[in-house]
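Below is one structure, written out as structure tokens; comments come after it.
What you see is a predicted model; the values in this text were computed from it and never measured.
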Amino acid sequence: MSNSQKIAIITGGGRGIGRAAAITLASSGYTCVAVSRSQSEVDETARLAGNGSVGMVCDVCQADQIQRVVSDTIVRFGRIDALVNCAGAAPMLPFEQISQAVWDEVIATNMTSVFMFTQAVWTPMRQQGGGVIVSVSSEASRDPLMGLSAYGAAKAGVNLLTKALAKEGDALNIRLHAIAPTGVETAMLRKIVDEKLLPTDQVLQPQDVANAIRACVCGDIAYSSGETIFIHRRP
């Protein structure tokens with residue numbers, strides 16, 4: 001592999017925003033490591049992305065599996081230039097029906113996984129002289145629908161973590177960005193909102209978010225490190 005080749009790890013890479021991000025970054029010259037719990041899904045993402053991309057199975061709530069993905073990526077490719085945190089879960093429940101188990105799972109999937117994956121790539125990025133970390137947040141982080149209190153709280157945590165770490169990353173040439181879209185046409189959205197209530201033409205497409213991710217990763221909006229970028233469907 002050429003020393004100029006750039007490597008991106010993408011969680012939630014088996015479908016939706018993660019798959020679109022992998023394909024989009026690969027078209028910009030990145031070799032992508034698509035990560036999810038489904039081998040068949042990430043293998044298909046890697047095939048669609050091309051450019052030497054691969055799929056790796058990982059439960060983003062498990063620290064040992066995250067470390068394995070990072071270690072295997074370093075062994076295979078020698079570096080990690082970008083991490084894109086796309087994995088998420090958004091159960092819609094009235095507050096009084098949220099059990100501690102559900103709360104813990106939502107926080108672990110949406111926020112703790114971002115912390116763990118970011119920490120896992122931090123040292124390799126520092127040692128190689130820099131990198132970019134983009135985390136997919138949500139409009140729910142500032143204005144959640146009723147029933148998305150846990151999800152909104154987790155995504156608000158992602159926004160603040162991004163801002164805090166960008167201050168540390170600045171001296172290390174590590175940029176951090178959060179992308180907060182409104183509703184996106186994904187399987188996760190359709191589990192909680194029927195198309196009759198929210199038609200496809202009123203929501204973003206995964207490619208819309210992938211384009212914003214590419215702008216962050218490729219440096220088009222490098223000046224926004226630490227910020228949460230809210231994106232909406234064009235009228």
Point to revise | Ser225 side chain vs Ala222 backbone, donor-acceptor pair below 3.5 Å | key: no

Practice item. Among residues two or more places apart or on two chains, list those pairs meeting side-chain hydrogen bond (donor to acceptor under 3.5 Å, both in side chains) that have a residue in residues 80-107. Key: Arg79-Asp81, Asn85-Ser135

Revision key, fill the gap. Heavy-atom nearest pair, Ala22 first then Ala49, reads O-CB, 3.9 Å

Exercise for review: Please name the pair of heavy atoms, one in Ile9 and one in Phe117, separated by the smallest distance, quoted to 0.1 Å.
Suggested key: CG2-CE2, 4.0 Å

Review point. Ala89 and Val106: which non-hydrogen atoms are nearest, and at how many Å?
Key: O-CG1, 4.3 Å

Exercise for review: Would you kindly confirm whether Phe230 and Leu176 end up in one hydrophobic cluster when ILVMFWY residues are joined by side chain heavy atoms under 4.5 Å apart?
Suggested key: no

Check your understanding: Given side chains that start at C-beta, do those of His177 and Ser224 come closer than 4.5 Å, heavy atoms only?
Key -> yes

Study note, to complete from the structure: Hits for side-chain hydrogen bond (donor to acceptor under 3.5 Å, both in side chains) against Ser38, two or more places apart or cross-chain, chain-then-number order -> Ser40

Check your understanding: Looking only at heavy atoms, what is the nearest atom pair of Ser137 and Lys155, with distance?
Key -> OG-O, 3.4 Å

**Study point:** Whether Arg19 side chain and Gly14 backbone form a donor-acceptor pair below 3.5 Å
**Key:** yes

**Study point:** Between SG on residue Cys61 and CG on residue Asn110, distance to nearest 0.5 Å
**Key:** 8.5 Å

Residues 162-174, side-chain donor-acceptor partners within the protein, below 3.5 Å, at least two apart:
from   : atom 1 : to     : atom 2 : distance (Å)
Thr162 : OG1    : Val158 : O      : 2.9
Lys163 : NZ     : Glu227 : OE2    : 3.4
Asn173 : ND2    : Gly129 : O      : 3.0

Check your understanding: Which atom names give the shortest non-hydrogen contact between Ser141 and Ala156, and what distance separates them?
Key -> CB-N, 3.5 Å

Review point. Do the side chains of Cys58 and Ile66 get nearer than 4.5 Å, heavy atoms only?
Key: yes

Check your understanding: Out of curiosity, does Met116 fall in the hydrophobic cluster containing Val57 (side-chain heavy atoms, cut-off under 4.5 Å, transitive links)?
Key -> no

Point to revise | Interatomic distance, Ile107 atom CD1 to Thr109 atom OG1 [nearest 0.5 angstrom] | key: 9.5 Å

Exercise for review: Kindly write out the residues that satisfy salt bridge (charged side-chain N to carboxylate O under 4.0 Å, His left out) with Arg142, not counting sequence neighbours, or none if the list is empty.
Suggested key: Glu139

Exercise for review: Hey, could you give me each pair passing side-chain hydrogen bond (donor to acceptor under 3.5 Å, both in side chains) that has a residue in residues 61-74? Not counting sequence neighbours.
Suggested key: none

Practice item. Step through the shown structure and confirm whether more than 12 heavy atoms of other residues, nucleotides or ligands are within 6.0 Å of CZ on Arg214. Key: yes

Study note, to complete from the structure: Sorted by chain and residue number, the side chain to side chain contact (heavy atoms under 4.5 Å, CB included) partners of Val84 (sequence neighbours excluded) come out as Ile10, Leu25, Cys86, Ile213, Val217

**Study point:** Test item: Ser36 and Thr45 side chains (from C-beta on) under 4.5 Å apart, heavy atoms
**Key:** no

**Study point:** Any side-chain heavy-atom pair of Thr11 and Ser113 under 4.5 Å
**Key:** no

Point to revise | Within-4.5 Å side-chain heavy-atom neighbours: Gln207 and Ile23 | key: no

Review point. If you round to the nearest 0.5 Å, how far is CD1 of Ile74 from CD1 of Ile80?
Key: 4.0 Å

Study note, to complete from the structure: Smallest heavy-atom separation, Cys216 atom then Val132 atom, equals O-CG1, 3.9 Å

Point to revise | Gap between atom CD1 of Ile7 and atom CZ of Arg76 - 0.5 Å precision | key: 10.0 Å

Check your understanding: Hey, does Leu145 have a side-chain heavy atom less than 4.5 Å from the side chain of Tyr151?
Key -> no

Check your understanding: Trp122 and Val75: same hydrophobic cluster, using ILVMFWY side-chain contacts below 4.5 Å?
Key -> no

Check your understanding: How many angstroms lie between atom OG of Ser53 and atom CG of Asp43, to the nearest 0.5 angstrom?
Key -> 11.5 Å

**Study point:** Spacing of CD1 belonging to Ile133 relative to CD belonging to Gln119, to within rounding of 0.5 Å
**Key:** 10.5 Å

Check your understanding: Do Val203 and Leu148 share a hydrophobic cluster, counting only Ile, Leu, Val, Met, Phe, Trp and Tyr and linking them when any side-chain heavy atoms are less than 4.5 Å apart?
Key -> yes

Check your understanding: Is it true that Val42 and Met56 fall in one hydrophobic cluster, defined by side-chain heavy atoms closer than 4.5 Å?
Key -> no

**Study point:** Worked check of side-chain contact (heavy atoms from CB on, under 4.5 Å) between Ser149 and Ile98
**Key:** CA-CA 9 Å; Ser149 55; Ile98 300 175; 3.4 Å; yes

